[in-house]
There are 2 protein chains.
Amino acid sequence: MARQGSYPKGVAKREEILEKALEVVARVGYSGTTVRQLADAVGLTQNGLLYYFGSKENLFVEILRHRDRLDDIAYGGHEGDSGDMGEGMAKFIRHNTDVPGLVQLHAGLTAEAISPEHPAHAYFQERYEVFRARGADTVRTLQAAGKIPGSVDAESLATIMLAVVDGLQTQWLYDPRIDMTEHFLRFWDQVGKLAAPEGISR
Amino acid sequence: MARQGSYPKGVAKREEILEKALEVVARVGYSGTTVRQLADAVGLTQNGLLYYFGSKENLFVEILRHRDRLDDIAYGGHEGDSGDMGEGMAKFIRHNTDVPGLVQLHAGLTAEAISPEHPAHAYFQERYEVFRARGADTVRTLQAAGKIPGSVDAESLATIMLAVVDGLQTQWLYDPRIDMTEHFLRFWDQVGKLAAPEGISR
DNA sequence: GTCTATACCTAGATAGAC
DNA sequence: GTCTATCTAGGTATAGAC
């Protein structure tokens, strides 16, 4: 079907829209942003823009996917460095502090897409699953290395960690004085202490 | 100004609307619910309903306040029983499992009301503050009783606990197989273990 | 004080011209 | 690939009946 975007111009415009949209969302906030505003920002009419993404929701999902790709490169922390799981997460959180618009978009869409019919539902559902699975894997690696006790349930810890990150972001959005990174590190510290309580090794 | 609702009939109708709205939201979901549907459910026109609450958002905030009052009575856990902080929370979470519509409403509005201009913003902001303060107080009580080490920052633990609850709810909304209560209890268990690591008291 | 009817506005989506 | 025109849905404001 010769997918749209196969022509250089279209591809470039798509990119431009993604970039600008991010800027606008960052400034205006997610719920406040309308398609028209975004269209204005790139010199298109509403429908000129929708031609590229089909719908508002689709555009926003694309923004998040775009971010995921970038983050995955920057903070992926795939191979090897699982010893620094906490520090990797902390870096990621710290980075998020600089892009409140994105965080708001993420939080907003997450909530909106809870109904299974929502166009963005699959994206988030899958994202949660992937992150939980990855997290659990890393935890198991840490357990094998003796950094986390084997008694801890890997899936559960991964789930809780994700919850902490999500939850802290919400609170931060309501009160930017809240230091997400610090709170997360305190949480992670406690997890670490479980392995080596009060300097007693066993 | 002779506030509306000073007449018995109005008061009763308000109650009825609140109840029915809850039912509808529970069934249709938050984002799917329209004012017209709610109006139909209580045998009013759209504007007949809006007469009572002014706007859609206002109505929803009222629903949440209403729930807060009920929950506060049922799971408030104010005086004395702070020793069971975790169990109290767990009960609350377990209860939420039975009212997914409410949880969805809460999650949806929380995200939507992040912009400071949103009519529900103040409600959530204040709620977070109150819950953090209350939680921190309880933590301090537990510390005084030696159930949590003094080295833990009470505010931080309260913040994290709130985050865990919020975050678990989101994941649960995306996948009801996730056992929020169990995950929360695991989390809380670990907190407890910090005080008595591996049976070593100090 | 309680409620209806009407009219209005915003915002997203669709169809078809260019 | 982009625009104009048009449609629809849903929330809101106002006037006034009961």
Side-chain angles (χ1 to χ4, degrees), chain A residues 1-21 24-25 28-63 105 108-109 112-113 115 117-121, chain B residues 1-21 24-25 28-63 105 108-109 112-113 115 117-121:
Chain A
M1 342 180 174
R3 166 175 170 60
Q4 69 185 45
S6 19
Y7 283 68
K9 185 180 177 189
V11 175
K13 200 71 184 174
R14 259 182 99 89
E15 280 299 315
E16 192 196 339
I17 294 170
L18 249 22
E19 300 284 323
K20 288 279 185 188
V24 175
V25 171
V28 184
Y30 163 63
S31 16
T33 306
T34 71
V35 176
R36 261 175 254 264
Q37 285 173 56
L38 299 176
D40 286 353
V42 289
L44 282 180
T45 63
Q46 181 190 201
N47 308 58
L49 191 155
L50 281 192
Y51 161 74
Y52 286 100
F53 296 93
S55 76
K56 188 193 184 186
E57 273 96 5
N58 249 312
L59 165 57
F60 285 139
V61 175
E62 285 310 313
I63 294 178
L105 170 59
L109 250 197
E112 227 182 273
S115 0
E117 306 82 34
H118 193 285
H121 186 80
Chain B
M1 336 178 173
R3 165 174 172 62
Q4 68 184 47
S6 20
Y7 280 65
K9 184 183 178 186
V11 175
K13 200 72 185 172
R14 259 182 100 90
E15 280 299 315
E16 191 195 340
I17 294 171
L18 250 21
E19 298 285 323
K20 288 278 184 189
V24 176
V25 170
V28 185
Y30 164 62
S31 15
T33 306
T34 70
V35 175
R36 260 176 258 262
Q37 284 174 56
L38 298 176
D40 285 353
V42 289
L44 281 183
T45 63
Q46 185 187 198
N47 306 54
L49 192 155
L50 283 193
Y51 160 73
Y52 286 101
F53 296 95
S55 76
K56 188 192 184 187
E57 273 94 5
N58 250 313
L59 164 57
F60 285 137
V61 174
E62 283 311 311
I63 294 178
L105 169 60
L109 250 197
E112 229 182 273
S115 1
E117 305 82 33
H118 194 285
H121 186 81

Practice task
Without swapping roles, check the side chain of A/Q37 against the backbone of A/G32 for a donor-acceptor pair under 3.5 Å.
Solution key: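 Yes; judged by distance alone, with no hydrogens or angles, the pair exists.
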Handout entry: Side-chain donor/acceptor of B/S115 to backbone N/O of B/H118, under 3.5 Å
Key =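 It does not hold such a pair.
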Exercise for the section: Run the ring-centre check on A/Y30 versus A/F60 and record whether the distance is less than 6.0 Å. Expected result: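 Yes; A/F60 has its ring centre under 6.0 Å from that of A/Y30.
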Handout entry: Sole residue of B/L18, B/V61, B/V35 in side-chain contact (heavy atoms from CB on, under 4.5 Å) with B/F53
Key =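 It is B/L18; the other options fail the test.
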Atom [atom1] of [X] to atom [atom2] of [N]: distance rounded to whole Å?
X	N	atom1	atom2	value
B/K56	C/dC9	NZ	P	21 Å
B/L59	D/dG10	CG	P	16 Å
A/Y51	C/dC18	OH	C1'	14 Å
B/L50	C/dC9	CG	P	18 Å
B/I17	C/dT2	CD1	C1'	11 Å
B/N58	D/dA13	CG	P	11 Å

Exercise for the section: Strictly below 4.0 Å, heavy-atom distances to any atom of DNA chain C: list the hits from residues 32-49 of chain B, or just say none. Expected result: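 Close to the strand are B/L44, B/T45, B/N47, B/G48.
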Exercise for the section: Establish, with yes or no, whether the OP1 or OP2 oxygen of C/dT2 is under 4.0 angstrom from a side-chain nitrogen or oxygen of B/K9. Expected result: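 No, no such contact exists.
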Handout entry: Test salt bridge (Lys or Arg N to Asp or Glu O under 4.0 Å) applied to A/E15 - qualifying residues, sequence neighbours left out
Key =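 Once residues adjacent in sequence are excluded, A/E15 has no partner under the salt bridge (Lys or Arg N to Asp or Glu O under 4.0 Å) criterion.
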Practice task
State, to 0.1 Å, how close A/I17 and A/V42 come at their nearest heavy-atom pair, and which atoms those are.
Solution key: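 The answer is CA-CG1, 4.0 Å.
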